[in-house]
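The next block holds one structure in the form of structure tokens; read it before the comments.
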Amino acid sequence: MMKLNFVAQWVLMGRRIQKPFSRPRMFSSAIKQCEGGVSMVQGASRGIGLEFVRQLLEKNNKGHVVATCRNPNGANGLLELKNKFAERLDIHQLDLTIDSTIEAAAKSVEDKYGYLNLLVNASGILSIPNTLQPETTLNKLQRDSLLLNYEVNAVGPILVIKHMWPLLKVGGGTGTERSLAVVANISARVGSIGDNRLGGWHSYRSSKSALNQLTKTVSVEFARKKDPITCILLHPGTVDTDLSKPFQKNVPEGKLFTKEFSVQKLLSIINNAKASDNGRFFAWDGQEIPW
């Protein structure tokens, strides 16, 4: 038997056989409405995702937050927030490469709340020590790197949207100041084809371009079906996180943002999102980024 490569092992470990696609579940109209709404942050154990959870809880003293990550027991930042906001924060396991964990998270939200008003897909990979590094030349491109970036940065977030879709349709803007539910996928400027002037980073760039295209396609379907959901893509800038740390020496002065600053800006865009923003790609400062 041929030995599985790294990506196959990483992706297939624990994955169950896919079920045929089924129609979205229908929810009772007699849902329990939470003042302040219900938000879900996927990829919430650290970095931007953890900061989203923190600000959502601290700036909205009635809203509820569902935080997901691969290893909740090791997510010390989340566990600290759970101690502080025990009644308003739920933590669930969700591994983007294992569909059953995505479905289980959706079921948990359905059982407790019955709906969602906001979904933030914040997880992403750029480098893994001794395993994955951004390519500086075509000669360094590897199949494993391409597939792993695509699996985590593009495929996973879209499957999360698929399984949270029924909850978002029911939720809309219920309990919030918005008229719509919002899906916010954290992308990156380097995923823009029109803005690509430097080249390099083949795997990461192309995975973010794929995320952009998939999100745009989802937004078209939501609009066609008149679902009360707007789908946006957000570039957070270069933020001082573990993801960017190996590459910060090349960041111009004043362009390395704190997590607090970046998430504050992104939440402002989310909270002011309108139906006309559906399918658009915004930078942290509200400027639209070309595809």
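We're numbering straight along the sequence, starting at 1. It should be emphasised that the depicted structure is a prediction, and the values quoted were computed from it without experimental measurement.
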Return yes if some donor-acceptor pair links the side-chain N/O of Asp240 with the main-chain N/O of Lys259 below 3.5 Å, else return no. no
| request: Using the rule that two of Ile, Leu, Val, Met, Phe, Trp, Tyr join whenever any of their side-chain heavy atoms come within less than 4.5 Å, decide whether Leu79 and Val65 are in one cluster. | output: yes
To the nearest 0.5 Å, atom CG of Leu132 lies from atom CG of Leu146 at 10.0 Å
Taken to the nearest 0.5 Å, the spacing of Ile269 CD1 from Ile232 CD1 works out to 6.5 Å
If only atom types and distance count, is the side chain of Lys265 paired as donor or acceptor with the main-chain N or O of Pro236 below 3.5 Å? no
Heavy-atom closest pair (Leu116 atom, Ala181 atom, distance to 0.1 Å) is O-CB, 4.2 Å
Exactly one candidate in Arg70, Gln42, Arg46 meets side chain to side chain donor-acceptor pair (under 3.5 Å) with Ser123; the answer is Gln42
d(Leu138 CG, His202 NE2) to nearest 0.5 Å is 5.0 Å
Interatomic distance, CD@Glu51 vs CD@Gln264, rounded to 0.5 Å, equals 9.5 Å
Heavy-atom nearest pair, Ser192 first then Phe281, reads CB-CE2, 4.4 Å
Checklist entry - Should Leu141 and Ile128 be regarded as members of a common hydrophobic cluster, given that ILVMFWY residues are connected when their side-chain heavy atoms come within less than 4.5 Å of each other, either directly or indirectly? => result no
Can you classify the ring geometry of Trp284 versus Phe257 as parallel (below 30°), tilted (30 to 60°) or perpendicular (above 60°)? perpendicular
Open item on the list: Under a 3.5 Å distance rule, please check whether Glu103 uses its side chain to pair with a backbone N or O of His163 as donor and acceptor.
Closed with: no
**CD/Gln55: more than 12 non-hydrogen atoms of other groups inside 6.0 Å** = yes
(Q) Do Leu96 and Leu159 make a side-chain contact, defined as non-hydrogen atoms from C-beta onward lying under 4.5 Å apart? (A) no
Are any non-hydrogen side-chain atoms of Trp165 and Glu221 less than 4.5 angstrom apart?
yes
message: So for atom NZ, which belongs to Lys140, do other residues, nucleotides or ligands contribute more than 12 heavy atoms lying within a distance under 6.0 Å?
response: no
Rounded to the nearest 0.5 Å, the NE2 atom of His235 sits from the CZ atom of Phe282 at a distance of 14.0 Å
In terms of heavy-atom contacts, Leu168 and Val182 come closest through CD2-O, 4.4 Å
| message | Evaluate Leu81 against Leu50 for side-chain contact (heavy atoms from CB on, under 4.5 Å), listing each step before the verdict. | response | CA-CA 9 Å; Leu81 287 175; Leu50 179 60; 3.8 Å; yes
Does CD belonging to Glu177 count more than 12 external heavy atoms closer than 6.0 Å? no
Report yes if some heavy atom in the side chain of Phe222 is under 4.5 Å from a heavy atom in the side chain of Leu180; otherwise report no.
no
Glu58 atom CD, over 12 foreign heavy atoms within 6.0 Å: yes
Is the backbone N or O of Gly63 less than 3.5 Å from a side-chain atom of Arg88, with the two atoms forming a donor-acceptor pair by type?
yes
On a heavy-atom basis, the closest approach of Ile270 and Ala184 is CD1-CB, 3.8 Å
Is any side-chain heavy atom of Ser108 less than 4.5 Å from a side-chain heavy atom of Asp90? no
task: Just do the side chain to side chain donor-acceptor pair (under 3.5 Å) check on Asn212 and Ser187 with the steps written out, would you?
output: CA-CA 7 Å; Asn212 293 353; Ser187 186; 2.7 Å; yes
Item checked: CA sep, side-chain torsions, deciding dist, call: Thr215, Asn121, side-chain contact (heavy atoms from CB on, under 4.5 Å) -> CA-CA 11 Å; Thr215 305; Asn121 275 310; over 6 Å; no
message: One pair to check against side-chain contact (heavy atoms from CB on, under 4.5 Å): Thr174 and Asn117. What are the steps and the verdict?
response: CA-CA 7 Å; Thr174 302; Asn117 307 112; 3.9 Å; yes
- Could you tell me whether the side chain of Ser45 and the main chain of Ala75 form a donor-acceptor pair under 3.5 Å? no
Do any N or O atoms from the side chain of Asn60 and from the backbone of Leu56 form a donor-acceptor pair under 3.5 angstrom? no
d(Asn130 CG, Gln133 CD) to nearest 0.5 Å is 8.5 Å
> Is a side-chain donor or acceptor of Asn149 paired with a backbone partner of Ser207 at a separation under 3.5 angstrom?
Replying inline: no
Discussion item. Between Leu118 and Arg178, does the side-chain contact (heavy atoms from CB on, under 4.5 Å) criterion hold? Intermediate values first, please.
Written reply: CA-CA 10 Å; Leu118 171 63; Arg178 300 186 307 268; 4.0 Å; yes
Note: Thr176 and Gly36 closest approach over all heavy atoms is CG2-O, 4.2 Å
**Request:** For the pair Glu80 and Arg54, find out whether any cationic side-chain nitrogen is under 4.0 Å from an anionic carboxylate oxygen.
**Result:** no
Test item: Ser127 and Tyr204 side chains (from C-beta on) under 4.5 Å apart, heavy atoms
no
Taken in chain and number order and not counting sequence neighbours, the residues that satisfy side chain to side chain donor-acceptor pair (under 3.5 Å) with Lys226 are none
Query raised in the report: So do the side chains of Ile186 and Leu266 get within less than 4.5 Å of each other, counting heavy atoms only?
Result: yes
Heavy atoms of Val41 and Gly49 approach each other most closely as CG1-O, 3.5 Å
Those residues at least two apart in sequence (or on a different chain) that pass side-chain contact (heavy atoms from CB on, under 4.5 Å) with Ser209 are Ile193
*Tell me, do His64 and Val109 make a side-chain contact under 4.5 Å, heavy atoms counted?*
no
Worksheet item: Mind checking whether Leu211 and Leu214 have side chains closer than 4.5 Å, heavy atoms only?
Response: no
